[in-house]
Amino acid sequence: MAFSVNGSRRRVFIVAILLSITLITLDMQGVPGLDRVRGVAREAFSPVQGVARSAFRPFENTWNGIRDYGRLKKEYEAARDRADAFEAQSIEAQSQLEELNNLRAEIGLRTCSEIPLVWADVVGRPATNYESSLEISAGSSDGIQTGMPVLTAGGLVGRVGKTSSNRAFVRLIHETDVRVQVQIRSTGDFPKSTSEQLEEGPTTIGGVTTTSSPTTTIATTDPAATDPATNVDEPAADPTAGSLPESVAAALNDPEVRAYFESLTTSTTSAETEADSTPTTVVRAPQSALEYGIMTGNGPGELLSVSLIDGKSQVRVGDPVSTVTNAASLFPGCIPVGKVASVTPRKGSSQVDVKVEPIVDLERINVVTVLRYQPEPGARPVSPTTVAPSAPSTTTSVPVTTAAPASS
Amino acid sequence: MLGQLGESSIVRTILVATVLLAVQTTVLTEIRPLGVVIDLVVPFAAVAGVLAGPRRGLRVAFLLGLGFDLLIGTALGLKPMTYSIVAFVLALLPWEKVLAFRPITAVVIGAAGGGGAVLEVLLAGLTGRDEAVSLRLTVVFAVVALASAAIALIAVRIMRWSLMAGDRPRL
């Protein structure tokens with residue numbers, strides 16, 4: 001049957017197929033003329049789409065209401081419970097953020113808050129079954145260019161793909177060809193330092209009682225203690241007051257050792273103010289290390305994968321994942337991405353497979369922010385290495401270039 | 001003159017294509033049963049092949065696909081290729097028998113719609129977008145096939161009104 005079609009009909013079919021292949025090839029090569037044609041077509045058709053959206057909105061709302069009612073009710077109740085806890089944490093987080101921004105400014109590192117941004121509504125959802133780009137209501141006339149990062153209040157969403165004058169498409173991070181350099185702040189079990197070894201249990205040294213937890217060390221200072229050495233991390237002990245071995249006590253009595261510990265004394269300890277009867281509690285920040293890797297998507301509804309993570313790393317489930325500060329990275333290094341969902345050893349390799357659950361629900365995004373950020377061309381990238389808890393991480397400044405409007 | 005324009009097959013086809021693409025790129029991106037995007041343009045392309053034949057029907061299907069691709073951010077050329085193949089294959093069927101019985105029409109158009117949706121994903125996989133190539137394609141086929149079968153008879157009426165205006169022959 002198929003071979004009874006006459007020659008002219010077969011020719012039309014072959015021409016159509018060849019024309020399609022040509023269009024696909026040209027589009028994949030990124031021919032600028034095609035993008036311009038698409039931009040014009042979208043601009044011309046947008047009034048019709050606007051009318052259609054308005055006309056069919058009741059049907060959309062009915063469908064979404066029926067489909068999402070139960071889920072939304074549960075999410076609302078859970079969110080209310082979390083809101084109170086978050087309110088208290090937000091105050092602490094705000095002060096820490098200010099301190100972080102000040103530190104970044106001191107070393108010349110541009111903060112995310114300094115990068116110009118563009119707010120946009122999501123006006124179009126994926127229209128096919130093999131891609132999941134979102135269409136947003138901002139484009140090249142707003143300074144948006146291909147490659148710019150897109151995020152919500154929660155975290156990273158993706159990056160800008162094709163743009164036209166007042167529309168742009170966003171490639172989501174769960175697409176397989178979107179790659180992001182990320183860092184995982186691992187909070188696993190690190191080797192104990194000397195001070196931690198001394199703190200296997202509650203220990204009183206010179207009026208300083210020290211207890212430890214898996215990630216924090218809490219020391220309280222007894223204001224009644226007369227010993228002038230007050231840095232609780234490095235307690236200058238009265239050798240006769242605690243439970244130290246004689247040899248250690250003798251070492252601590254050495255004048256040079258005492259002078260060293262006294263040099264660590266801060267001015268805000270309660271031992272210096274004998275009238276202060278409030279115990280001083282010092283909480284040491286949890287130890288952590290930075291693991292660097294490349295994150296890729298596995299399609300809608302699937303967890304994200306991070307590769308190049310060494311098997312000896314301390315990455316654990318729940319560790320936060322964010323973009324990495326790197327002059328050659330496509331993203332600035334201050335955007336949360338998600339949390340580690342699983343860590344699986346890879347057979348026959350020294351690396352592990354890390355799966356990440358994104359913070360943002362990529363299926364339900366209504367408003368996005370586009371960071372007008374582009375990496376500096378020719379910048380030397382930081383090599384991804386594991387940072388030991390005691391070693392400072394190396395970072396490079398991330399300048400922002402003024403984004404010129406792209407031709408659509 | 002307006003009357004004559006209204007009788008023109010080209011004008012009617014453009015009108016149908018405009019409404020179809022407007023609906024496809026707006027409401028059908030929100031209403032996604034089981035997470036599947038219902039491509040309603042495929043059954044119309046299939047009906048174009050049945051009604052207008054392998055030459056004219058294929059041209060209509062190609063242009064429908066091209067119009068769709070221009071409006072969305074995916075690879076230009078995939079939908080024209082998909083719809084052309086669907087229209088050409090349907091055009092090879094004995095159209096009198098396809099249109100004679102409504103259940104047969106619905107089944108054939110439904111299968112063409114589901115097959116076209118799967119074909120598009122497979123062709124996208126050849127261009128590097130292979131994250132959707134999985135067993136989930138069976139769900140895509142089922143959903144799109146059901147939707148295509150549901151609107152098959154309406155699509156035949158609409159495309160007959162637009163393509164066969166002025167008693168244009170089947171080519």
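Protein chains get the first letters and strands the later ones, always in sequence-line order, with residue 1 at the start of each.
When side chains are defined from C-beta on, Glu30(B) does not count as touching Phe59(A), because their heavy atoms never get closer than 4.5 Å. Side-chain contact check for Asp121(A) versus Ile136(A): every heavy-atom pair is 4.5 Å or farther apart. Inter-residue side-chain proximity for Glu120(B) and Lys79(B) is flagged as met; some heavy-atom pair is nearer than 4.5 Å.
Of the listed residues Leu76(B), Val144(B), Val133(B), Thr29(B), the one with more heavy-atom pairs under 4.5 angstrom with chain A than any other is Leu76(B). Note: Thr128(A) leads Thr128(A), Val15(A), Asp177(A), Val12(A) in heavy-atom pairs under 4.5 Å with chain B. Top candidate by heavy-atom pairs under 4.5 Å with chain A, chosen from Leu21(B), Leu78(B), Leu66(B), is Leu78(B). Heavy-atom pairs under 4.5 Å with chain A peak, among Leu71(B), Leu58(B), Leu137(B), at Leu71(B). Residue with the most contacts toward chain B among Thr176(A), Leu19(A), Val123(A): Thr176(A) (heavy-atom pairs, distance under 4.5 Å). Ranked by heavy-atom pairs under 4.5 Å with chain A, the list Val23(B), Asp69(B), Val89(B) is led by Asp69(B). Note on Arg171(A), Arg57(A), Glu135(A), Glu363(A): by heavy-atom pairs under 4.5 Å with chain B, the leading option is Arg171(A). Ranked by heavy-atom pairs under 4.5 Å with chain B, the list Glu175(A), Arg167(A), Arg67(A), Arg11(A) is led by Glu175(A). Contact count against chain B (heavy-atom pairs under 4.5 Å) is highest for Pro126(A) among Gly299(A), Gly301(A), Pro126(A).
With a 4.5 Å cut-off on non-hydrogen atoms, Leu28(B) does not touch chain A at all. Contact of Ser8(A) with chain B is made through backbone and side chain together, with heavy-atom distances under 4.5 Å. Looking at Thr82(B), neither its backbone nor its side chain comes within 4.5 Å of chain A, counting heavy atoms on both sides. Both the backbone and the side chain of Ile85(B) come within less than 4.5 Å of a heavy atom in chain A. Residue Val36(B) touches chain A through both its backbone and its side chain, counting heavy-atom pairs closer than 4.5 Å. With a threshold of 4.5 angstrom between heavy atoms, Ile17(A) approaches chain B through its backbone and through its side chain. No part of Arg136(B) comes within reach of chain A, as not one of its non-hydrogen atoms sits under 4.5 angstrom from that chain. Heavy atoms of Leu26(A) lying under 4.5 Å from chain B are absent altogether.
The main-chain N or O of Phe169(A) is never found under 3.5 Å from a side-chain atom of Ser133(A) such that the two would form a donor-acceptor pair. With hydrogens and angles ignored, the 3.5 Å screen pairs a side-chain donor or acceptor of Thr146(A) with a backbone N or O of Gly161(A). Put simply, the side chain of Asp142(A) never gets that close to the backbone of Ile144(A): no donor and acceptor are under 3.5 Å apart. With hydrogens and angles ignored, the 3.5 Å screen pairs no side-chain donor or acceptor of Arg56(B) with any backbone N or O of Leu51(B).
Ring orientation note: the planes of Phe88(B) and Phe13(A) are close to parallel, at an angle under 30° on the 30°/60° scale.
Each of Val354(A), Val180(A), Asn298(A), Val356(A) was evaluated against Leu304(A); a single residue qualifies, Val356(A), per the side-chain contact (heavy atoms from CB on, under 4.5 Å) test. A side-chain contact (heavy atoms from CB on, under 4.5 Å) with Gln24(B) is found for exactly one of Asp39(B), Val19(B), Ile38(B), namely Asp39(B).
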Worked verdict on Arg38(A) versus Asp35(A) for salt bridge (Lys or Arg N to Asp or Glu O under 4.0 Å): CA-CA 5 Å; Arg38(A) 286 183 111 147; Asp35(A) 287 338; 5.0 Å; no
